Amino acid sequence: MRNIFIAFCIAAVMVSSCMGPKDGTYSLTLLTTNDVHGTFFDSTYVGGNVKKSLYSVKYVIDSVRAAQGAENVILVDAGDIVQGDNAAYYYNYVDTITPHVYPRMAKYMGYDAVVLGNHDIEAGHPVYDRLARDLKALNIPLLAGNAFRNDNGQRYFPYLTMLKRQGLKIAILGYDNANIAGWLPERLWSGMTFENLVPLVRKDVEAVIQKEKPHIVIVAVHSATGSGDGSQLESQGLDLMKSIHGVDFLVCSHDHRPKVVTSDTLCLINSGSHSRYVGHGNITFTVKKGKVTDKKLQADLIPVDARKKDQEMAKVFRDDYLAVKAFTTKKVGELKTDLVTRDAYKGMCPYLNLIHTLSLSCSPAEISLAAPLTFNGTVKSGDIIYNDLFTIYPFENQLYVINMTGKEIKDYLEASYDGWINTYPGAAHVLKIDSRDDPRNGQKSWSFVNRSYNFDSAGGLVYTVDVTKPYGSRINIESMAGGDPFDLGRTYKVAATSYRASGGGGLMAKAGVDTGKIEERVEATYPEIREILYEYLKKNNAIDPVLISDPARIGSWKFVPEAVAEPALEKDMDLLFGRR
């Protein structure tokens, strides 16, 4: 009899645990991060500066959990995790034996789901496949529901995870950016196709609601907020907000612009980037006979304070930090002149001369196309440590050598400079700048209208850019660097980043190059440009301004007429960066 009674009790508990939530009022909190870009540790590795990091994010999360109850808090990241900082680079490529630090941190912080971003894909199959395995082993799904396998049409990554809190069923759906093929070479995402988020997400949400009958639905996408007009494949947040139904929270990312958009039935949260904010959503509702009624949603952003951090987390991951610091502070060579990245906006400079020199050293390149990829950084002359290489070249772009005609090169440069300068003096400024609120910090300041990492100049040519002429007639290519004539009808071997060759920034398209068929133009491929720089230093021991500025190799270019352009450029540079 006693055994029968025990069996009955066990069965009753099991039935109770399978039942839905009890009638009553519930309140749940969603916390979000996105675009952390490797800000795992709070140190800049040199100089003793403290930065915002996952240590400080954890402090915020713990504060909310203490106030709301840990069982009432859901934590999601929307991608672009393992690129942008020394720590990510070290565990992606240098120490591949030690378990990657990010999955261990994600587990420590209590993430419920993580979404894959485009820069995570950029790290390559070995990195993100490893992340997926490591996270799965820690019971954290890596979601990217719009990545479909080419061999069988199935999803490469999961798109859904279901949570249960207080008897409530919570569905979290996750997706990567739809424009992967527009930025990255196919070898980085081989075997997959990335589908448009609209209408895929709507279809998935409807199926999940019908099958799982969740009480709360969260969709996290590595896609920018956008304008909501359906015109931007990489920025589909507001497009989704208009098209999906039955979703409570939509987590966006990618553009590094903190934003919250709310309606009566849906909140969009984009927490910006680099651990500066934690997205914060709250949902309160009533359950009657298993059904949810009277939902109330609200959302905001919680600023992260670098001075407040989880001290215990810093202790747990101290050995990881010390390993990264040891790697990135080792000397790799000597620099014989300052490299100032902002100088690239007004003409030739040692910083971009170095990038062109590196690119032109990759056979069979005759011409180089390159932009300043650090907006405003300086590497002082003297000893160079590996950390400085991240300032010189922060991204994991590979180098391609592709075939382009002279006309395509000329049209490409016209498009590049059109994003960079105005026709002057018809406009108030020669640089395309304006004064506006910076969405990343809410402060008014002068900034470029367009992204400066798309301001490509050319190495290997002698040319001028006439600021007084309109788009289409500004570029005058006089010759090749060595003095040979430049021929619009000839085909040249051009060094460009994998990002650019894959269509990033749209410059190739404006030049008439079909990047969907770029493999037909590829003559050679090389590893990450930072690795090319590292090999250059191992061979030459130093960066000498004389050697990297040889006009017979990299050519020359300038804004003309100089009497008009130079003073106008200086005024605009003062607005952007202050008097130096």
Side-chain angles (χ1 to χ4, degrees), residues 25-34 68 72-79 112-113 115 143 145-146 159-163 165 168-178 196-230 232 234-255 257-272 277-287 291-302 439:
T25 299
Y26 293 83
S27 180
L28 290 177
T29 296
L30 171 66
L31 298 180
T32 71
T33 56
N34 56 267
Q68 302 295 328
N72 298 319
V73 177
I74 303 158
L75 179 59
V76 175
D77 185 273
D112 294 296
V115 174
L143 306 176
N146 60 322
Y159 78 102
L160 171 69
T161 186
M162 295 294 301
L163 308 180
R165 303 284 172 84
L168 299 166
K169 294 176 72 175
I170 303 157
I172 304 175
L173 297 85
Y175 303 85
D176 202 344
N177 200 281
N196 193 331
L197 300 185
V198 180
L200 174 65
V201 176
R202 182 177 67 240
K203 177 183 175 183
D204 284 345
V205 166
E206 290 172 354
V208 168
I209 289 174
Q210 183 178 8
K211 180 181 178 182
E212 302 290 346
K213 296 179 174 51
H215 301 94
I216 298 169
V217 179
I218 300 165
V219 172
V221 296
H222 191 78
S223 189
T225 304
S227 58
D229 62 3
Q232 296 174 293
E234 69 175 290
S235 306
Q236 296 186 296
L238 289 178
D239 298 335
L240 288 170
M241 194 172 185
K242 292 178 178 180
S243 64
I244 54 180
H245 303 286
V247 174
D248 300 295
F249 294 104
L250 173 62
V251 184
C252 292
S253 55
H254 183 64
D255 57 3
R257 295 170 181 260
K259 193 173 184 67
V260 171
V261 181
T262 61
S263 72
D264 291 339
T265 58
L266 174 60
C267 289
L268 180 153
I269 304 173
N270 183 335
S271 67
Y277 294 93
V278 173
H280 175 235
N282 183 261
I283 181 168
T284 303
F285 54 90
T286 301
V287 174
K291 293 185 178 181
V292 173
T293 63
D294 303 322
K295 276 188 182 182
K296 293 182 181 178
L297 297 167
Q298 63 184 42
D300 56 12
L301 299 174
I302 303 174

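No experiment lies behind these values; they were computed from the predicted model shown.
- Using a 4.5 Å heavy-atom threshold, the side chains of V287 and L168 count as touching.
- To the nearest 0.5 Å, the span separating CD1 on I269 from OG1 on T33 amounts to 11.5 Å.
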Only pairs under 3.5 Å count here: list side-chain donor-acceptor contacts from residues 219-229, not counting sequence neighbours, and write none if there are none.
from : atom 1 : to   : atom 2 : distance (Å)
H222 : ND1    : A78  : O      : 2.8
H222 : ND1    : S253 : OG     : 3.1
H222 : NE2    : D80  : OD1    : 3.4
H222 : NE2    : D80  : OD2    : 3.2
H222 : NE2    : N118 : OD1    : 3.0
H222 : NE2    : H254 : ND1    : 3.4
S223 : OG     : E234 : O      : 3.1
S223 : OG     : Q236 : N      : 2.9
T225 : OG1    : N270 : ND2    : 3.3
S227 : OG     : D229 : OD1    : 2.8
S227 : OG     : D229 : OD2    : 3.4
D229 : OD1    : S231 : N      : 3.0
D229 : OD1    : S231 : OG     : 2.6
D229 : OD2    : S231 : OG     : 3.3

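- Nearest heavy atom pair, residue L143 against residue A113, reads CD1-CB, 4.1 Å.
- When the options N196, L250, L240, L173 are evaluated for a side-chain contact (heavy atoms from CB on, under 4.5 Å) with V201, the one that passes is L240.
- At a cut-off of 3.5 Å, with distance as the only test, no side-chain donor of T29 or N72 sits close to an acceptor on the other residue.
- Evaluation of the side chain to side chain contact (heavy atoms under 4.5 Å, CB included) rule for V260 yields T262, A299, L301 as partners, not counting sequence neighbours.
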Check your understanding: Stepwise, does the side chain to side chain contact (heavy atoms under 4.5 Å, CB included) test hold for Y175 with D204?
Key -> CA-CA 11 Å; Y175 303 85; D204 284 345; 2.7 Å; yes
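- To the nearest 0.5 Å, the span separating CD1 on I172 from OG1 on T161 amounts to 6.0 Å.
- The CE atom of M241 sits 9.0 Å away from atom SG of C252, with the distance rounded to the nearest 0.5 Å.
- Closest of all the heavy-atom pairs between S235 and D239 is O-OD2, 3.8 Å.
- No side-chain N or O of T32 forms a donor-acceptor pair with one of N34 less than 3.5 Å apart.
- Of the possible donor and acceptor atoms, none in the side chain of N282 sits under 3.5 Å from a partner among the backbone N and O of L30.
- Across every non-hydrogen atom of V208 and A171, the tightest pair is CG1-CB, 3.9 Å.
- R165 is listed as a side-chain neighbour of D112, based on a closest heavy-atom distance under 4.5 Å.
- Once rounded to the nearest 0.5 Å, the distance linking CD1 of I170 with CZ of F249 reads 10.5 Å.
- Under the rule for a side chain to side chain contact (heavy atoms under 4.5 Å, CB included), the partners of K295 that lie at least two apart in sequence or sit in another chain are D248, I283, F285, V292.
- With a 6.0 Å radius and a threshold of 12 heavy atoms from other residues, nucleotides or ligands, K169 has its NZ atom above the threshold.
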Practice item. Could you please spell out the steps behind the side chain to side chain contact (heavy atoms under 4.5 Å, CB included) verdict for L31 and H280? Key: CA-CA 5 Å; L31 298 180; H280 175 235; 3.8 Å; yes
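- Looking at every heavy atom in both residues, V247 comes nearest to L266 through O-CD1, 3.3 Å.
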